[in-house]
Amino acid sequence: MEAVSFLSRFAGRPEAYAPWLLHWTPGNLHRDFGGSVRLYLNSDRADVTDRLLEGDRATTQVVLADVMTQIISASLRQNDFERVAVEADPCSIAGRAAHWIGLAFPDQDIAAVRSMIDLRPSTFHAGILAAADIVSLDDSA
């Protein structure tokens, strides 16, 4: 996680006004999560970054849910994700995505979660948002 001025870094681009931006490249889900995923916080939006850095529960939950949603959604778009997830190192992008899917959608297989994105998107997003609170609470313990 890194705080930067989006107005400077992304001048003239739509993301200049976003409160945060997840930087990663979907594709090789075997890559190490910590070395492949970076969350940029917009230092021009102190209203958001201050709450996040202070550990505000709701802000942390929303930001983490966005990270989880982006990574889970991109992972599920890969046809071979079921196989990749089974073989994945827990510290890889695929391993983290599979773990989050298990938290958000216990007892549901990958195909069911994948279809939920199209058929019940509100349930998909709510499941991840709820799981993000569990994850952020576990991390603070």
Side-chain angles (χ1 to χ4, degrees), residues 1-82 84-141:
M1 187 167 35
E2 180 179 343
V4 299
S5 170
F6 282 25
L7 291 174
S8 296
R9 186 171 197 145
F10 304 115
R13 294 172 37 189
E15 56 268 36
Y17 303 99
W20 63 84
L21 179 122
L22 185 66
H23 181 266
W24 74 295
T25 304
N28 183 354
L29 298 178
H30 293 290
R31 289 180 301 199
D32 177 68
F33 184 91
S36 303
V37 177
R38 179 172 296 261
L39 180 66
Y40 290 107
L41 304 178
N42 187 347
S43 63
D44 304 313
R45 290 289 311 270
D47 60 320
V48 177
T49 57
D50 289 350
R51 281 184 281 172
L52 183 61
L53 296 173
E54 291 167 2
D56 177 74
R57 181 177 174 181
T59 305
T60 302
Q61 181 180 6
V62 169
V63 172
L64 181 56
D66 183 55
V67 170
M68 293 168 67
T69 299
Q70 288 187 52
I71 291 175
I72 290 170
S73 297
S75 298
L76 291 174
R77 282 193 294 274
Q78 296 196 16
N79 292 331
D80 62 345
F81 181 69
E82 290 89 342
V84 170
V86 169
E87 300 169 357
D89 180 291
C91 295
S92 68
I93 296 171
R96 190 69 54 96
H99 175 71
W100 289 336
I101 290 168
L103 286 176
F105 310 105
D107 304 321
Q108 294 191 44
D109 63 22
I110 298 294
V113 177
R114 185 179 280 132
S115 70
M116 189 184 306
I117 294 171
D118 295 323
L119 301 176
R120 295 178 294 143
S122 58
T123 302
F124 175 76
H125 286 273
I128 293 173
L129 188 57
D133 192 39
I134 294 167
V135 171
S136 64
L137 291 176
D138 285 347
D139 288 346
S140 66

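Keep in mind that what you see is a predicted model, and the values were worked out from it rather than measured.
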Can you give me the closest heavy-atom contact between L129 and V62, atom names plus distance? CD1-CA, 4.4 Å

Report the residues that fulfil salt bridge (charged side-chain N to carboxylate O under 4.0 Å, His left out) with R31, sequence neighbours left out, ordered by chain and then residue number. none

Rounded to the nearest 0.5 angstrom, the CZ-CG distance for R45 and L7 is 10.5 Å

Applying side chain to side chain contact (heavy atoms under 4.5 Å, CB included), can you list everything that pairs with D32, at least two apart in sequence or on another chain? C91

State, yes or no, whether a side-chain contact exists between T60 and L52 at a heavy-atom distance under 4.5 Å. yes

What are the two closest non-hydrogen atoms of V113 and F124, and how far apart are they? CG1-CE1, 4.0 Å

Please report, to 0.1 Å, the donor-acceptor pairs under 3.5 Å made by any side chain of residues 101-109, with sequence neighbours excluded.
residue, atom, partner, partner atom, Å
D109, OD1, A111, N, 3.3
D109, OD1, A112, N, 2.8

Enumerate the side chain to side chain donor-acceptor pair (under 3.5 Å) contacts for residues 112-131, please, sequence neighbours excluded, ordered by first and then second residue. E82-R114

Nearest 0.5 angstrom please: Q61 CD to D133 CG, how far? 4.0 Å

With side chain to side chain contact (heavy atoms under 4.5 Å, CB included) as the criterion, how do L41 and V48 come out once you've worked through the C-alpha distance, each side chain's angles and the decisive distance to 0.1 Å? CA-CA 8 Å; L41 304 178; V48 177; over 6 Å; no

Kindly write out the residues that satisfy side chain to side chain donor-acceptor pair (under 3.5 Å) with D56, not counting sequence neighbours, or none if the list is empty. T59

What pairs with A94 under side chain to side chain contact (heavy atoms under 4.5 Å, CB included), at least two apart in sequence or on another chain? L29, F81, V84, A88, S92

With rounding to the nearest 0.5 angstrom, report the CE to OG1 distance, M1 to T49. 10.5 Å

With S73, which residues qualify under side chain to side chain donor-acceptor pair (under 3.5 Å), at least two apart? none

Distance, nearest 0.5 Å, that separates CD1 of I128 from OG1 of T69: 3.5 Å

Here the salt bridge (Lys or Arg N to Asp or Glu O under 4.0 Å) pairs for residues 67-81, sequence neighbours left out, are D80-R83

Got a sec, which residues hit ring pair (Phe, Tyr, Trp, His ring centres under 6.0 Å) with Y40, two or more places apart in sequence or on another chain? none

Closest non-hydrogen contact found for P26 with Q78 is C-NE2, 4.5 Å

Considering residues at least two apart in sequence or located in another chain, which fulfil the salt bridge (charged side-chain N to carboxylate O under 4.0 Å, His left out) criterion with R38? E2

Determine yes or no for a side-chain-to-main-chain donor-acceptor pair under 3.5 angstrom, with S5 supplying the side chain and D44 the backbone. no

So the salt bridge (Lys or Arg N to Asp or Glu O under 4.0 Å) pairs with at least one residue in residues 3-16 (sequence neighbours excluded) are R13-E15

Using distance only, find each side-chain donor-acceptor pair of residues 16-23 under 3.5 Å and give its atom names and separation, not counting sequence neighbours.
residue, atom, partner, partner atom, Å
W20, NE1, D66, OD2, 2.8

